[in-house]
Visitor: 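Structure in C-alpha cells, see below.
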2 protein chains.
Amino acid sequence: MGAGRPPTMRDVAEHAGVSISTVSRVVNAEKYVDAATRERVEASVAALGFLRNESARTLRPGQRTATIALVVEDLTNPFSAELAHGVEEVAAAAGYVVLLLSTGRDALGDRDEVREKEIVGELLSRRVDGVLMIPGADDASGRYAALAERAPVVFVDRLPRGVKGDVVLLDNVGGSRRLTRRLLERGHRRIAYVGGDRGSGTGSKRYSGFRAALKAAGVPEHRELLHFAQHSSDEARLATQDLLALADPPTAIFCDNNRMTVGALLAVHRARADVVVAGFDTVELAEVLVDRVALVTYDPVDVGRQAAGLLLERLDGVDVAPRRITVPVELAEFGDRQQVHR
Amino acid sequence: MGAGRPPTMRDVAEHAGVSISTVSRVVNAEKYVDAATRERVEASVAALGFLRNESARTLRPGQRTATIALVVEDLTNPFSAELAHGVEEVAAAAGYVVLLLSTGRDALGDRDEVREKEIVGELLSRRVDGVLMIPGADDASGRYAALAERAPVVFVDRLPRGVKGDVVLLDNVGGSRRLTRRLLERGHRRIAYVGGDRGSGTGSKRYSGFRAALKAAGVPEHRELLHFAQHSSDEARLATQDLLALADPPTAIFCDNNRMTVGALLAVHRARADVVVAGFDTVELAEVLVDRVALVTYDPVDVGRQAAGLLLERLDGVDVAPRRITVPVELAEFGDRQQVHR
DNA sequence: CTGAAAGCGCTTACAG
DNA sequence: CTGAAAGCGCTTACAG
C-alpha cells in the first residue's frame, strides 16, 4: 500500500514522446489526434498505469466533479438504504459517484442542525454537482436555502417550509386516507394512531390523511388512542402496549412509518392481541408477522431513481420551475380476518 | 440555484486587504497570524460566504482528499446498509467523507468484474485516501491487488484469495458450527442447508462450520437436503418449498445468510410447516416470524465501525503487518419448541 | 494534428 | 507576523 507518487500526464507525455496537450486529448477521447500518436499515448498510459487526477481536472471552472451527494438521516432505516440504492444505480449509469452523508438526530430526536450546517459546508467545499436530501421539517436557520442557492438540490420525501426546489414526494395524505378508509370499511371504529415526529412534514401529512378519513366517515377521534412523538420502534412498542391495556382497546392500530409498525407488531405479537396492525411503509415479511396486517406500500428504490433522475436533468441544464413528483402508493392486506369481529 | 462563480481566496484577500497567503493561514487556523488580521479575514470570509475549494487544496502532493470509499455489492441488503452506517459514523467523526459505490451482480449472480475494475479506476482517479470493500471471492484479475498497491484497503467479511490486507471478519465457521450443534442438541438429525454463493469465502466458511458440527456428532449429510447457489430470497423460498415436499422432510433448515432465511421463513409460514428455521445473520422481527427460529446474530454496524477504525489507523500512519479482526457472533433462539418432536 | 503557455484555486517554502 | 512566487496536475484557447 501507499506506492510512490502516481504518474502524471507529464510522465505519460515523456514516455510517449509527445506534449502534455496531446496526452490530455487522448485521455479525453477528443477527435483530431493522429491514430498512431493515439496508440502510442495509450500504450504509455497503460504501461505507467496512469489515471487522471480528478482533483486537477475539476479545478478548472466549468468542470464538473461528477459527484452528487445524498444526505439522509439514518441509513439503518431500510427506506434510506433502498433509496440510496436507487440513487447510486442511476448516478453510476450516468457517470456520477455518490457521496453519502448522515445527519443523525440529536437527543430529542430532532435533526442536528449543527451537523446539517457542517454538511452543507462540506458539500459546497467539495463542489458537488448536485445534492439529494431528505430534509428536516423546516428551514428556520436557512441552511437548505443557502445550499439550494449554490447547487441544484432535489429534496426527497418532503419539502422544508420556506424552501423551493425540485421534490419527490410520496402520496402521504392519500395513502393514509385510503388505508384508514379501508379499516373503516372493515368495520373498525376505534382506530389508534402511533406516530413518529409530528413536526416532520411527512408525519403531519400522514396524520392529516388519517384524520380526513375518520372525519369523512363521521367517526370521532379518541384522545386516548393517539400517540405521537414516538422516536423509535421501542417507544412505539411501549405505546402499543399501553393501547392494548386500555379498558376499551382499539381494534386497529395505524402506524405512521416502518419503525412504528415494527414496534406495534412486536407488542401485538407478544400480547397475542386481537387487533389489526396497519402501517405506512413496507415492512419485510409483513405477511408472516401477525395475523392481520394492512400496509401502505411503495418502492423506495424507485423513489431514489426518480429523485436522481430529476437531479441529473438539472445537471444537464434543464432550467424550469421547481418540479414535484409524487410517487404513488398501494394498499396491501395480509391475513384473512381484517374485519372487526368484536 | 447555480449562482455565479463561488468566491476564492483571492476575493477574500482583496476584500480584507491582505495577501492570499494570509487568507490561507487564517482558513487553516495556523498560528502566527496577528489577531486583528485574523479577525478582518474572518469577517471577509463570512461576508463573501467563502468556502475553500477542496479540489484545489487536494492538488498539492501529500494533501489528503479526506475521502474514503465504501464498496458494497448491494445496499438493499441490511447487512451492507448497517455496515455503511457504522462506517459513516466513524468516518464523519474523524473528518472524512464516504463515497459509496455498488458493484452489483451479473446475471449469474457473480460479481461484475468489469464494473469492479471501473470502480477501482474511479477510486484511484479520485485519490481517495483509503477504501473499505466487501470483495468478491477471488482476485483472478488482480483488481484488488492493484487497488491495494496504491491505497490502503480494508476488506470486510472476507479476504479474497491471493490478496493481503487488513480485514474484518465474522466468525463464520464458529457461528455456523455452534448453531448447527445447537440444532443437534435439540435432537435434529435431518438438517437441510439452503445456501447462497458457495464460491464466496463467506458461504464456504459457513458451510464448513455446518459440516464440521454434523461430522463431530456423527450425523451424515444427506444430498437431497443440500441446496446451494440460491441467489435471492425467492430462490431460497422455492428451494425450501421443495425441501418441505420431500417424502422425508428435514426437521430443521439451516440458511446461510439473511436472504436465505427470509425465503425459508416465507415458505415455512405458507406451508404451516413444522420445522425450525435456523439462519446466519439477523432478520428483523425474527421472534415474530415463525414459531421456531434460531439465528446467529451480530451487529453489522459494529463491523462497519471496526473496519473504518482499522482504515483510519492506516491513514494515521500505522504501518504494521496486515491485521485481522474477527467480530464475535451470538446464538439467539425464538420459540419454545426448538426440540425435534417427531 | 500538435505544442507552448496561461490559468484554475490553493499551499508552502523562502524572504523579510 | 506577512507577502511574492513557485508549483500541484490538469484543460483550453491560441498558434502553427
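Each chain gets a letter, A, B and so on, in the order its sequence line appears, and its residues count up from 1.
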Visitor: Counting only side-chain N and O atoms of A:Ser24, is one of them less than 4.0 Å from OP1 or OP2 of D:dC10?
Guide: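 False: A:Ser24 side-chain N/O out of range (4.0 Å or more) of D:dC10 OP1/OP2.
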Visitor: With distance as the sole criterion, do the side chain of A:Arg25 and the base of C:dG3 form a donor-acceptor contact below 3.5 Å?
Guide: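 Side chain to base: pair found, below 3.5 Å.
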Visitor: Is it the case that B:Thr37 and B:Arg25 place a side-chain donor and acceptor less than 3.5 Å from each other?
Guide: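 No.
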Visitor: Going by atom types only, do A:Arg57 and B:Ser125 share a side-chain donor-acceptor pair under 3.5 Å?
Guide: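 No, B:Ser125 and A:Arg57 have no side-chain donor paired with an acceptor closer than 3.5 Å.
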Visitor: Look only at the side chain of A:Asp129 and the backbone of A:Ala66, and say whether a donor-acceptor pair between them is shorter than 3.5 Å.
Guide: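 Yes.
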Visitor: Atom CG of A:Leu59 to atom P of D:dG9: distance rounded to whole Å?
Guide: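 For the pair A:Leu59 CG and D:dG9 P, the rounded distance is 12 Å.
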Visitor: Tell me which nucleotide, if any, is Watson-Crick or G-U wobble paired with D:dA4 when both distances must be under 3.5 Å.
Guide: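 Looking at the geometry, D:dA4 pairs with no nucleotide.
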Visitor: Does a nitrogen or oxygen in the side chain of B:Arg38 sit under 4.0 Å from OP1 or OP2 of D:dC1?
Guide: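 B:Arg38 to D:dC1 OP1/OP2: no side-chain N or O under 4.0 Å.
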Visitor: For B:Asp11 and C:dG9, give me the distance from atom CG to atom P, rounded to whole Å.
Guide: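 My rounded result for the distance is 8 Å.
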Visitor: Grab the OH-P distance between A:Tyr32 and D:dA15 for me, whole Å please.
Guide: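 Between P of D:dA15 and OH of A:Tyr32: 19 Å.
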Visitor: In whole angstrom, give the distance that lies between atom CD1 of A:Ile20 and atom C1' of D:dG7.
Guide: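 Checked: the CD1 to C1' distance equals 13 Å.
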Visitor: Considering only side-chain heavy atoms of A:Asp34, which listed nucleotide, D:dT11, C:dT11, C:dC1, is closest?
Guide: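 Ranking D:dT11, C:dT11, C:dC1 by closest atom to the A:Asp34 side chain puts C:dC1 first.
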Visitor: Would you mind classifying the nucleic acid contact of A:Arg57 as base, sugar-phosphate or nothing, using non-hydrogen atoms under 4.0 angstrom?
Guide: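 The residue A:Arg57 makes sugar-phosphate contact but no base contact.
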Visitor: For B:Ser21, answer base if it contacts any base atom (sugar-phosphate contacts may also be present), sugar-phosphate if it contacts only those atoms, and nothing otherwise; contact means non-hydrogen atoms under 4.0 Å.
Guide: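 Result for B:Ser21 = base.
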Visitor: Between A:Arg40 and B:Val27, which has a closest nucleotide on DNA chain C that is more 5'?
Guide: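 Nearest-nucleotide comparison on DNA chain C picks A:Arg40.
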Visitor: Does C:dA13 have a Watson-Crick or wobble mate here (both distances under 3.5 Å), and if so which one?
Guide: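 Paired with C:dA13, as far as the under-3.5 Å criterion goes, is no nucleotide at all.
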Visitor: In whole Å, what is the span from the CE atom of B:Met9 to the C1' atom of C:dT12?
Guide: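 Between C1' of C:dT12 and CE of B:Met9: 12 Å.
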Visitor: For the pair A:Glu82 (side chain) and A:Pro300 (backbone), establish whether a donor and an acceptor sit closer than 3.5 Å, ignoring hydrogens and angles.
Guide: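 Not a single qualifying donor-acceptor pair exists.
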Visitor: Heavy atoms under 4.0 Å, any strand shown: does B:Gln63 hit a base, just sugar-phosphate, or nothing?
Guide: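 B:Gln63: backbone/sugar contact only, no base atoms under 4.0 Å.
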Visitor: Whole angstrom is fine here: how far is it from CD in B:Glu30 over to P in C:dT11?
Guide: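 So the CD-P distance, B:Glu30 to C:dT11, works out to 8 Å.
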Visitor: Both B:Pro61 and A:Asn28 contact DNA chain D. Which one's nearest nucleotide lies toward the 5' end?
Guide: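 On the 5' side of the pair lies B:Pro61.
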Visitor: Can you measure B:Glu14 atom CD to D:dT2 atom P for me and round it to whole angstrom units?
Guide: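 It is 18 Å, rounded to the nearest whole Å.
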Visitor: Answer yes or no: does a side-chain N or O of A:Thr8 lie under 4.0 Å from OP1 or OP2 of D:dG9?
Guide: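 Indeed not, no polar side-chain atom of A:Thr8 lies that close.
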Visitor: Over how many whole Å does the gap from B:Arg60 atom CZ to D:dC10 atom P extend?
Guide: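 Interatomic distance, CZ of B:Arg60 to P of D:dC10: 15 Å.
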Visitor: May I ask you to check whether B:Ser141 and B:Arg143 show a side-chain donor-acceptor distance below 3.5 Å?
Guide: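 There is such a pair between these side chains.
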Visitor: Students often get this wrong, so: under 4.0 angstrom with heavy atoms, is A:Thr37 touching a base, only sugar-phosphate, or nothing?
Guide: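 Answer is sugar-phosphate: A:Thr37 comes under 4.0 Å of backbone atoms only.
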Visitor: Assess, by modelled atom type and distance only, whether the side chains of B:Arg158 and B:Thr202 contain a donor and an acceptor separated by less than 3.5 Å.
Guide: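 Result is yes, a qualifying pair exists.
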